[in-house]
Structures are given as structure tokens and as C-alpha cells.
Amino acid sequence: MLNSILDEAQKNITNCHDKQELNNFKAKYLGKTSALNEQMKKLSLLKPDEKKTKGKEINLFKKQVEDLLKKQVSYLEQRELEKKLQSDK
């Protein structure tokens, strides 16, 4: 399940064209009502060994989404800077 969400997140985040849109996707994938949060709530229902494995998967997913977001923010900031430099010429 998390893999399909990660694929969707990757497509959506890399296609963002502004920071507001990016913030909306951040909320969608990492916010309180996200599928990730739902998975975290279910951890308490698992056996200790299953909880450990699932917890690692969730943390990896979270890190990957955060990395995608950071990368896209950097890209958007670089693009803004380039546009500003072009307009100053």
C-alpha cells in the first residue's frame, strides 16, 4: 500500500509548479489525515515483531516523501532565482 502511495506522491510532487501546491501535497502525504498517519495509528494493534517491521516501513516512506519535498522546494527556489536573474538583465 505504501509503495503505491509513494509512486503517486513522487508523480504529484515532481509535477508541482509552486510552493503552495507543494504544501498541499505535504499535507496530503504527511498530514494528520494522510494514509501514513492512518498506518501509524494501526501500529498499536500489531504484534511487537510486526510493529517493528511496519514501523521501519512507515519511517522509510516518510523519509522518502520528505526528501522528495525538499528536492522539489530546492528546484522551485532555483527556478525562481533564475527567473529573477533573467528579468534583471
Side-chain angles (χ1 to χ4, degrees):
M1 178 178 172
L2 290 178
N3 286 336
S4 62
I5 296 171
L6 182 60
D7 290 341
E8 176 188 328
Q10 192 167 16
K11 289 175 190 171
N12 288 331
I13 291 170
T14 56
N15 289 324
C16 283
H17 299 292
D18 60 53
K19 289 182 183 178
Q20 180 60 42
E21 188 179 14
L22 204 55
N23 284 332
N24 291 340
F25 282 120
K26 180 179 181 181
K28 178 179 179 175
Y29 295 112
L30 301 177
K32 288 184 178 183
T33 59
S34 67
L36 174 70
N37 201 35
E38 292 301 315
Q39 293 292 316
M40 290 175 73
K41 288 178 185 176
K42 293 178 184 177
L43 281 176
S44 63
L45 305 174
L46 299 175
K47 296 177 186 173
D49 58 326
E50 293 172 334
K51 189 183 294 189
K52 185 177 179 180
T53 303
K54 190 67 171 175
K56 284 182 181 181
E57 288 176 21
I58 290 171
N59 287 334
L60 178 62
F61 170 83
K62 184 176 178 181
K63 178 162 178 14
Q64 289 174 318
V65 171
E66 288 171 342
D67 289 346
L68 286 169
L69 289 164
K70 286 178 189 175
K71 184 178 175 183
Q72 191 66 13
V73 165
S74 294
Y75 170 76
L76 291 174
E77 288 173 348
Q78 181 66 31
R79 210 173 79 194
E80 281 180 28
L81 181 62
E82 288 171 0
K83 282 183 182 180
K84 184 174 181 177
L85 290 173
Q86 289 293 334
S87 67
D88 289 346
K89 286 185 177 180

*Considering non-hydrogen atoms only, spot the tightest contact between C16 and L76 and give its length.*
O-CD2, 3.9 Å
*Could you tell me the separation between the CD atom of Q10 and the CG atom of N15, rounded to the nearest 0.5 Å?*
10.5 Å
_Interatomic spacing from CD in E66 to CZ in F61 - rounded to 0.5 Å_ = 10.0 Å
*So, do K63 and D67 sit near enough that their side-chain heavy atoms are less than 4.5 Å apart?*
yes
*Please report the C-alpha distance between E80 and K84 in whole Å, then the side-chain angles of each, then the deciding distance to 0.1 Å, and finally whether the side chain to side chain contact (heavy atoms under 4.5 Å, CB included) criterion is met.*
CA-CA 6 Å; E80 281 180 28; K84 184 174 181 177; over 6 Å; no
_Taking the basic N atoms (NZ, or NE/NH1/NH2) and the acidic carboxylate oxygens, is any pair closer than 4.0 Å for K41 and E38?_
yes
*Answer yes or no: is there a donor N or O on one side and an acceptor on the other, between the side chain of N59 and the main chain of G55, under 3.5 Å?*
yes
*Identify whether L68 and Y75 are in the same connected component of the hydrophobic contact network (ILVMFWY, side-chain heavy atoms under 4.5 Å).*
yes
*Note, T53 side chain near E50 side chain (heavy atom, < 4.5 Å)*: no
*Kindly work out whether a path of hydrophobic side-chain contacts (I/L/V/M/F/W/Y, heavy atoms less than 4.5 Å apart) joins Y29 to L43.*
yes
_If I take atom CD from residue Q20 and atom CG from residue L22, how far apart are they, to the nearest 0.5 angstrom?_
9.5 Å
*Rounded to the nearest 0.5 Å, how far apart are CG of N12 and CD of E21?*
8.5 Å
*Looking at OG of S34 and NZ of K62, how far apart are the two atoms once the value is rounded to the nearest 0.5 Å?*
9.0 Å
*Mind listing the closest non-hydrogen atom pair of G31 and N37 along with its distance?*
O-CB, 3.6 Å
*Find the distance between CD (Q39) and CG (L46) and round it off to the nearest 0.5 Å.*
9.0 Å
*Within 6.0 Å of NZ in K54, more than 12 heavy atoms from elsewhere*: yes
*Can you find a pair of side-chain heavy atoms, one from I13 and one from V65, that are under 4.5 Å apart?*
yes
_Pair Q78-E82, side-chain donor/acceptor within less than 3.5 Å_ = yes
*asked:* Assess the residue pair D7 and K11 against the criterion (salt bridge (charged side-chain N to carboxylate O under 4.0 Å, His left out)); give the C-alpha distance rounded to whole Å, side-chain angles, the decisive distance to 0.1 Å, and a yes or no.
replied: CA-CA 6 Å; D7 290 341; K11 289 175 190 171; over 6 Å; no
_For the NZ atom on K71, are there more than 12 heavy atoms of other groups (residues, nucleotides or ligands in this structure) within a distance under 6.0 Å?_
no
